[in-house]
A.B. asks: 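I have a structure here, written as C-alpha cells, and I will follow up with some questions on it.
Bear in mind that the values here come from a model prediction, so they are computed numbers and not experimental data.
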Amino acid sequence: MTMASLSAPTSFSLSAVFSWGTSDFVGGYGARRANAFQLTAIAHFSGLVLMAAVALATHAAFPSRTAVAWALMGGLSGGGALAIFYRALATGRMGLTAPVAAVLSAVIPTAFGIFREGLPQPAQVIGFALAAAGIWLISRTEDDSSTEGIGMAALAGVGFAGFYLCMKQAGDGSAFWLAATSKVASLTLTGLVVLIGHRARAIDRRGVALGVLAGCLDVAGSVLFIRASQTGRLDAAVVLSSLYPAVTVLLARFILKEQFTRWKALGMLAALLAVPMIAWR
C-alpha cells in the first residue's frame, strides 16, 4: 500500500508519526543539554512563529471563538505535557519512556472516540489491537535497566490525551491557526514556569538549534494530526498517530546506539501490520 493509495486521514496520521517521532528524539536529546522547560519554551515559540507565518502566507481564515478556546485548552494540556515528556526522555531511556506516554495518550481519546462515533469496523478493531501490542512490545525491556522517567512519561501521556481531545473539539477551522493558537497557550505556560521557577540557564547555540528544530517538527505533527481528526475518525487518528515512538526508538537505536531487542522488532512488525487494518474502508 503506497502513501498515494491511502485515505487522507491515514496519510495525515502517518505523516504525523514521522514528525512527532523525530521531534521527540530531537527534543529529548536537547533536554540533556538544557533545562527541559526552557528548551520546550524555545520549541513552542518556534512552532508558534512557523505556524502563524504559514497561516498568514496562505490567507487561512481565523477560527471561531469557540474553536480558539478549545485550541488554547489543548495548548495548555499538550504544552505542559511536552515539557514533562522531554524531561522524561532526558532522565530515562528514550526507547522506554516514549512508548509509555504513547500508550496512555492513545487509550483515553480512543475510548472517547468510540463512545461518540460508535464502534469502528471489525478490521479496524483488529488494527487497534495490533497497534496497542506493537507499542507495548516496543516498550518492553529484557534487562533490569532503570525505570527512571516512567512516572513523568505517564503524566505526559495524560496531558497529550487532553491535547487530542481538545483539538478534536476545536472543529474544522484552519489547522494552521488552531496549531498556532495552541502554541500561544503552550508558550505562555512553559514561559511562566521558566520565569517564576528561575529555571532559565545558559544554553548554547546547539541547544537552541535543537529546540527550534524540535518545535518546528512538533507543530508540523500537530497540524497533520488536526487534519487527520478533521477528515476521519478520532480513534483512528489517535491510534495511528500514537505509533510515533517507533520513529523515536529507531533514531535512538541508530544514533544513540540504544539496545534494540527482538521484542522491539516484533513490535515494529505489529505496528506495520496495524496500519492497513486501521486504514481499512
Side-chain angles (χ1 to χ4, degrees), residues 1-3 5-7 9-26 28-29 85 88-89 92-111 113-114 120-154 156-157 160-161 164 221 225 228 235-280:
M1 179 179 291
T2 64
M3 185 67 73
S5 67
L6 296 175
S7 65
T10 302
S11 297
F12 286 132
S13 294
L14 293 181
S15 297
V17 167
F18 288 98
S19 290
W20 276 341
T22 306
S23 172
D24 287 346
F25 174 80
V26 173
Y29 183 74
F85 187 51
L89 289 172
R93 293 179 58 186
M94 286 189 181
L96 180 60
T97 53
V100 167
V103 169
L104 289 178
S105 67
V107 169
I108 298 174
T110 298
I114 291 175
Q121 298 180 38
Q124 291 178 307
V125 174
I126 296 174
F128 290 168
L130 280 172
I135 296 174
W136 172 261
L137 290 171
I138 291 171
S139 69
R140 179 187 174 99
T141 57
E142 296 181 324
D143 52 31
D144 296 325
S145 59
S146 173
T147 58
E148 185 179 3
I150 297 301
M152 288 186 291
F160 289 142
Y164 290 145
F225 169 76
D235 48 14
V238 167
V239 172
L240 280 177
S241 299
S242 294
L243 294 175
Y244 66 84
V247 175
T248 307
V249 168
L250 285 174
L251 290 173
R253 169 66 182 89
F254 290 114
I255 297 178
L256 301 182
K257 308 302 180 184
E258 287 194 1
Q259 185 181 11
F260 192 85
T261 68
R262 64 172 181 264
W263 292 111
K264 285 183 172 61
L266 186 59
M268 296 290 182
L269 178 60
L272 289 174
L273 292 174
V275 171
M277 301 297 290
I278 297 174
W280 187 275

A.B. asks: For residues Ala228 and Pro9, report the shortest heavy-atom separation together with the two atoms involved.
C.D. replies: CB-O, 3.6 Å
A.B. asks: Which atom names give the shortest non-hydrogen contact between Val238 and Pro109, and what distance separates them?
C.D. replies: CG2-CB, 3.6 Å
A.B. asks: Just verifying a value: how many Å separate Phe18 CZ and Tyr244 OH, rounded to the nearest 0.5 Å?
C.D. replies: 15.0 Å
A.B. asks: Quick one: OG1 on Thr248 to CZ on Arg253, what's the gap to the nearest 0.5 Å?
C.D. replies: 15.5 Å
A.B. asks: Looking at side-chain heavy atoms only, is the closest gap between Phe160 and Leu104 below 4.5 Å?
C.D. replies: no
A.B. asks: Is there a donor-acceptor pair closer than 3.5 Å between any side-chain N or O of Ser15 and the backbone N or O of Ser11?
C.D. replies: yes
A.B. asks: Assess the residue pair Thr10 and Ser13 against the criterion (side-chain hydrogen bond (donor to acceptor under 3.5 Å, both in side chains)); give the C-alpha distance rounded to whole Å, side-chain angles, the decisive distance to 0.1 Å, and a yes or no.
C.D. replies: CA-CA 5 Å; Thr10 302; Ser13 294; over 6 Å; no
A.B. asks: Report the distance from atom CG of Leu240 to atom CG of Asp235, rounding to the nearest 0.5 Å.
C.D. replies: 9.5 Å
A.B. asks: Looking at side-chain heavy atoms only, is the closest gap between Met268 and Leu250 below 4.5 Å?
C.D. replies: yes
A.B. asks: Report the distance from atom CH2 of Trp20 to atom OG of Ser242, rounding to the nearest 0.5 Å.
C.D. replies: 7.5 Å
A.B. asks: Starting at CZ of Phe25, measure out to CD1 of Ile255 and round the result to the nearest 0.5 Å.
C.D. replies: 4.0 Å
A.B. asks: Ring centres of Tyr164 and Phe225 under 6.0 Å apart?
C.D. replies: yes
A.B. asks: If I take atom CG from residue Leu243 and atom CG from residue Leu14, how far apart are they, to the nearest 0.5 angstrom?
C.D. replies: 8.0 Å
